[in-house]
Amino acid sequence: FYPRRQEATVGETVLFQILAEEVTNLTAAEFSINYDPAHLEITSITQGAIFAASEESIFFTQYDNSSGTLSVHTADLGGDEPAVSGTGVLIEIQMNVISATSSELTFSGSEVFKDPDNNNITILEKINGMMVVE
């Protein structure tokens with residue numbers, strides 16, 4: 001999550017980015033995020049720039065503000081380079097703060113990064129997000 005911690009007031013809209021940092025040969029990413037729907041609601045999801053240079057990509061998301069879940073599937077499908085290396089934004093999540101309680105946004109544990117040969121790329125660290133309501 002970037003930033004790792006946001007501070008806001010009730011009614012305010014915040015933007016979190018999910019980054020893939022220092023990756024090598026990343027072709028696809030799948031992950032789910034859990035959040036407390038009593039405190040936060042997703043208003044929009046946008047594809048990040050990490051696969052934007054590709055001639056074609058997959059970007060599929062589903063979120064449920066009733067249950068507080070977000071599922072993301074994104075991949076690079078073409079171009080001269082079927083994968084990316086380095087650091088970049090996978091998605092941007094815009095959220096509304098709907099209650100005066102701080103809460104955490106957490107990865108579900110099902111995160112997968114894939115290389116062009118469909119092999120798993122080891123994820124060394126996952127950093128959750130924190131929404132602090134003032």
Centroid-centroid distance, F1 to F107, less than 6.0 Å: yes
- prompt: Side chains of T27 and D115: donor-acceptor distance under 3.5 Å anywhere?
  reply: no
message: With side chain to side chain contact (heavy atoms under 4.5 Å, CB included) as the criterion, how do Q17 and I91 come out once you've worked through the C-alpha distance, each side chain's angles and the decisive distance to 0.1 Å?
response: CA-CA 6 Å; Q17 295 178 325; I91 68 166; over 6 Å; no
message: Just verifying a value: how many Å separate E21 CD and L124 CG, rounded to the nearest 0.5 Å?
response: 11.0 Å
field: For the student: nearest non-hydrogen atoms of I121 and T24, plus distance
entry: CD1-O, 3.6 Å
- prompt: Under 4.5 Å between any side-chain heavy atoms of N120 and V112, yes or no?
  reply: yes
message: Can a donor-acceptor pair be found, under 3.5 Å and without considering hydrogens, that links the side chain of D64 to the backbone of S66?
response: yes
query: Going through the checks in order, is the side chain to side chain contact (heavy atoms under 4.5 Å, CB included) test met by I93 and I42?
result: CA-CA 7 Å; I93 308 166; I42 293 175; 4.1 Å; yes
task: Please tell me if the side chains of F31 and L70 come closer than 4.5 Å, counting only heavy atoms from C-beta onward.
output: no
query: Do M131 and V14 have side chains that get closer than 4.5 Å, going by heavy atoms?
result: yes
field: Pairwise side-chain contact, V89 with I18, heavy-atom cut-off 4.5 Å (strictly under)
entry: no
query: For K126 and E111, what are the C-alpha separation, side-chain angles and deciding distance, and is it a side chain to side chain contact (heavy atoms under 4.5 Å, CB included)?
result: CA-CA 9 Å; K126 296 172 277 188; E111 303 76 35; 2.9 Å; yes
- prompt: Between atom CD1 of I50 and atom OG of S57, what is the distance when rounded to the nearest 0.5 Å?
  reply: 11.5 Å
message: Less than 4.5 Å apart, side chain to side chain, heavy atoms only: is that true for S108 and N34?
response: yes
Beyond-backbone contact of V133 with T101, side-chain heavy atoms, under 4.5 angstrom: no
- line: Rounded to the nearest 0.5 Å, the CG atom of L40 sits from the OG atom of S99 at a distance of 7.5 Å
task: Kindly give the heavy-atom pair with the smallest separation between S102 and V132, and that separation in Å.
output: OG-CA, 3.3 Å
message: Between F16 and Y2, is there a side-chain heavy-atom distance shorter than 4.5 Å?
response: no
Atom CD of E22 with >12 non-hydrogen neighbours under 6.0 angstrom: no
- prompt: Atom CG of L19 and atom OG1 of T87: how far apart are they, to the nearest 0.5 Å?
  reply: 7.5 Å
- prompt: Would you call L90 and F59 a side-chain contact if the rule is heavy atoms closer than 4.5 Å?
  reply: no
query: Which pair of non-hydrogen atoms, one from L105 and one from M130, has the smallest distance, and what is that distance?
result: CD1-N, 4.5 Å
message: Rounded to the nearest 0.5 Å, what separates atom CG in L26 from atom OG in S85?
response: 8.0 Å
- request: Return the minimal non-hydrogen interatomic distance between T43 and Y63, and the atom names on each side.
  value: O-OH, 3.8 Å
- line: Here the pair of heavy atoms bringing T74 nearest to Q47 is OG1-NE2, 3.6 Å
statement: Nearest heavy-atom contact between V23 and V84 is CG2-O, 4.2 Å
N128 side chain to Y35 side chain, donor-acceptor N/O pair below 3.5 angstrom: no
task: Could you tell me the separation between the CZ atom of R5 and the CD atom of E104, rounded to the nearest 0.5 Å?
output: 11.5 Å
- prompt: Are I45 and M95 joined in one hydrophobic group, where the rule is that I, L, V, M, F, W and Y side chains link up if heavy atoms are under 4.5 Å apart?
  reply: yes
